[in-house]
2 protein chains.
Amino acid sequence: MAQAIPFRQASPLKASCHQCSLSNLCLPLAIEENDLDRLEDIVQQGRIFNRGEHIFDQSTPYRSCFAVKSGSIKTSIITENGEEQVTGFFMPGELVGLDSIGSEHYACTAKALERTSVCEFPIDRLEELTGKLPELQHHMYHLMSQEIQNSHQLAMLLSKNTAEERIAALLLSLSSRFQRRRMSPTNFSLPMARNDIANFLGLAVETVSRVFTRFQNQGIIKARGREVELLDIEALQMVSREFSRQCNN
Amino acid sequence: MAQAIPFRQASPLKASCHQCSLSNLCLPLAIEENDLDRLEDIVQQGRIFNRGEHIFDQSTPYRSCFAVKSGSIKTSIITENGEEQVTGFFMPGELVGLDSIGSEHYACTAKALERTSVCEFPIDRLEELTGKLPELQHHMYHLMSQEIQNSHQLAMLLSKNTAEERIAALLLSLSSRFQRRRMSPTNFSLPMARNDIANFLGLAVETVSRVFTRFQNQGIIKARGREVELLDIEALQMVSREFSRQCNN
DNA sequence: GTACATAGTTGATATGGATCAACTCGGACG
DNA sequence: CGTCCGAGTTGATCCATATCAACTATGTAC
């Protein structure tokens, strides 16, 4: 047998968590080197979505959760009367779809904010695997509880904080998440539109815009469009009142 | 051996999920009759807390999650500057502490709103057990994702809805949770103070009070103190705009 | 039963951010 | 290179709810 392969075959995309630069942020984090193969067995790597494409849709039967490899994703809930509520932004190394694990259907819609590649973890196989690897199970619990906490933080932000505080908190959250990926924590480009920020933070677009310019006038940030430079992180932390990392992360 | 027992011994409280009237709402729901013993092995039943007592405290090392047997519990986060944010109310059959599973410390403080009895699930033994019982694991995932969704709903409520809508939604949520326990969905007594409601919904106490009287004047509810009667559920649903169950549940 | 504290209600006023409207910027496309 | 369109900014006005203040009801301790 050992049939010769005429050309380099299209990789079946069963590729390497081993080599992934994000493995220290993602699921492999929880796993011993020698168990990593078992995770690789179930993951489908490298699916690409263009800006605006849906990774999954609300009310669709739940199949998988996804890890962001590159790019970014926003999740949102659509209510019966058509209103949208952005529930989160997800950056490389972060897991999307945890809010639906164990449910029949996706609880939200996930949309690529830019060209984005993801790894897909089919839920039945993942549940099977977490049953066998206690560390992985523990890590899943941890990630999900983290998600609950994030959402509580968001609720707190929404109910107690001013527009300035909310935006400062978001900027700081993004900053620390860029930093975690060894990118500049002070100089980055926002993956989402003002509109999404406004929706996420429970504000009007106009308010977001005004706060941005106010911060700019105070010399706290420099912003042109989506390009942002944080000039005075200390000041941002003062504004955001609680120094904890809000929102996601 | 077979030593005679002189008096009826104090029960070691290894008691019966089998007989618990809430088993269809709680963890046993997920388990085959014959596996129920294994859950009973790890649960510590019947701990009682008086009104105002803490079931657990924020930043304390995480040990267990708790199921409410009777009474009710509120959870809240305290920020560095001493502000409190109520993150949820928990009624019989509901699980408290899911937001901390997999974490080192409790992410919130849980306080009994009235005389309350709980069942305690030590987390290490629970994780062990979920590793062995796939249905239980699945159920845990489901409960946790539910918790995320609830929190997202709360965030939505806080960012998009008026005071009246928020309060209507809360009343409806409580109503359906009472109903689930086969209690009157229209006639119940609020376990929490106006203050807690206000904090939870991101409103001032005065606003809560005003909305209650407004609803009363419109003949939608009848309220004296914590005693509430829902006179027109339809109307409440109209007010709460989205007909889904908000907040918890 | 009285007193004190706490929870809840009601009224008057202030304000942060929504809303409405007009304008500008930047990029895609012919 | 100009046109068009959505995204973003800026200004003026309005409103829901916070805030402040006074009062009432409820309940708890002596």
Side-chain angles (χ1 to χ4, degrees), chain A residues 50-52 74 83-86 111 113-115 156-171 189-218 221-229 239-241, chain B residues 50-52 74 83-86 111 113-115 156-171 189-218 221-229 239-241:
Chain A
N50 287 316
R51 164 204 270 248
K74 93 168 178 202
E83 276 178 286
E84 179 182 19
Q85 165 77 27
V86 175
K111 199 173 179 179
L113 287 170
E114 53 195 314
R115 193 171 168 79
M156 181 138 91
L157 206 61
L158 292 173
S159 80
K160 300 244 186 308
N161 296 49
T162 65
E164 297 199 351
E165 290 163 346
R166 299 183 206 184
I167 289 175
L170 177 62
L171 289 175
S189 118
L190 300 170
M192 73 294 277
R194 295 282 187 278
N195 219 329
D196 294 326
I197 296 179
N199 187 307
F200 180 62
L201 295 177
L203 299 169
V205 207
E206 295 93 326
T207 306
V208 174
S209 194
R210 275 185 253 271
V211 172
F212 267 83
T213 51
R214 214 176 304 156
F215 281 169
Q216 187 147 0
N217 293 338
Q218 296 168 345
I221 68 170
K222 209 165 93 182
R224 194 152 60 253
R226 297 192 177 187
E227 294 307 317
V228 177
E229 185 175 356
V239 172
S240 99
R241 209 187 276 175
Chain B
N50 286 318
R51 164 205 270 246
K74 92 169 177 199
E83 278 178 285
E84 178 183 19
Q85 164 77 30
V86 176
K111 199 173 179 179
L113 287 170
E114 53 195 314
R115 194 171 169 79
M156 181 136 93
L157 206 61
L158 292 172
S159 80
K160 298 245 187 309
N161 296 47
T162 66
E164 297 200 351
E165 290 163 346
R166 297 182 207 184
I167 289 175
L170 177 62
L171 288 175
S189 119
L190 300 170
M192 73 295 278
R194 295 283 187 280
N195 218 330
D196 294 326
I197 296 179
N199 187 307
F200 179 63
L201 295 178
L203 300 169
V205 208
E206 295 93 326
T207 306
V208 174
S209 194
R210 275 185 252 270
V211 171
F212 266 83
T213 52
R214 215 175 305 157
F215 281 170
Q216 187 148 4
N217 292 338
Q218 295 169 345
I221 68 170
K222 208 166 94 184
R224 193 150 66 253
R226 295 192 177 186
E227 294 308 317
V228 177
E229 185 174 357
V239 172
S240 100
R241 209 187 275 175

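What you see is a predicted model, and the numbers here were worked out from it, not measured in a lab. What you see below is based on every heavy atom in this structure, not just the backbone, and it leaves out hydrogens, waters and symmetry mates. In the text below, chain A, chain B and the rest are named by the order of the sequence lines, each starting its count at 1.
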Please state how far atom [atom1] in [X] lies from atom [atom2] in [N], giving the value in whole angstrom units.
{"X": "Arg214(B)", "N": "dT10(C)", "atom1": "CZ", "atom2": "C1'", "answer": "12 Å"}
{"X": "Leu203(B)", "N": "dA18(D)", "atom1": "CG", "atom2": "P", "answer": "5 Å"}
{"X": "Glu206(A)", "N": "dT24(C)", "atom1": "CD", "atom2": "P", "answer": "17 Å"}
{"X": "Arg226(B)", "N": "dT26(D)", "atom1": "CZ", "atom2": "C1'", "answer": "11 Å"}
{"X": "Asn195(B)", "N": "dA18(D)", "atom1": "CG", "atom2": "P", "answer": "13 Å"}
{"X": "Leu158(A)", "N": "dG16(C)", "atom1": "CG", "atom2": "P", "answer": "19 Å"}
{"X": "Asn217(B)", "N": "dT9(C)", "atom1": "CG", "atom2": "C1'", "answer": "12 Å"}
{"X": "Lys160(A)", "N": "dT19(D)", "atom1": "NZ", "atom2": "P", "answer": "10 Å"}

(request) Compare the minimum distances between each of dG17(C), dT10(C), dT17(D) and the side chain of Ala163(A), then state the nucleotide with the smallest one. (result)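 Within the option list, the nearest is dG17(C).
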(message) Checking contacts here: which listed nucleotide (dG8(C), dA18(C), dG17(C)) is nearest the side-chain heavy atoms of Thr162(A)?
(response) dG17(C)
(request) Kindly indicate whether the side chain of Val211(A), heavy atoms from C-beta on, has any atom under 4.5 Å from the side chain of Leu203(A). (result) no
(request) Salt-bridge test for Glu83(A) and Lys160(B): reply yes if a basic N is under 4.0 Å from a carboxylate O, no otherwise. (result) no
(message) Using 0.5 Å steps for rounding, measure from the CD atom of Glu164(A) to the OG1 atom of Thr207(A).
(response)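 Answer for the CD-OG1 pair, Glu164(A) versus Thr207(A), is 11.0 Å.
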(request) Rounded to the nearest 0.5 Å, what's the gap from CE on Met156(A) to CD on Glu84(B)? Could you check? (result) 10.5 Å
(request) Identify, between Arg224(A) and Val208(A), the residue whose nearest nucleotide on DNA chain C lies closer to the 5' end. (result)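 Nearer the 5' end of the strand: Val208(A).
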(message) Can you give me the closest heavy-atom contact between Gln216(A) and Ala223(A), atom names plus distance?
(response) OE1-O, 3.2 Å
Look at the side-chain N and O atoms of [X] and state whether any lies under 4.0 Å from the OP1 or OP2 oxygen of [N].
{"X": "Arg210(B)", "N": "dT10(C)", "result": "no"}
{"X": "Ser209(B)", "N": "dT10(C)", "result": "no"}
{"X": "Thr207(B)", "N": "dA18(D)", "result": "yes"}

(request) Scan Ala193(B) against the nucleic acid and name what it touches under 4.0 Å (heavy atoms): base, sugar-phosphate only, or nothing. (result) sugar-phosphate
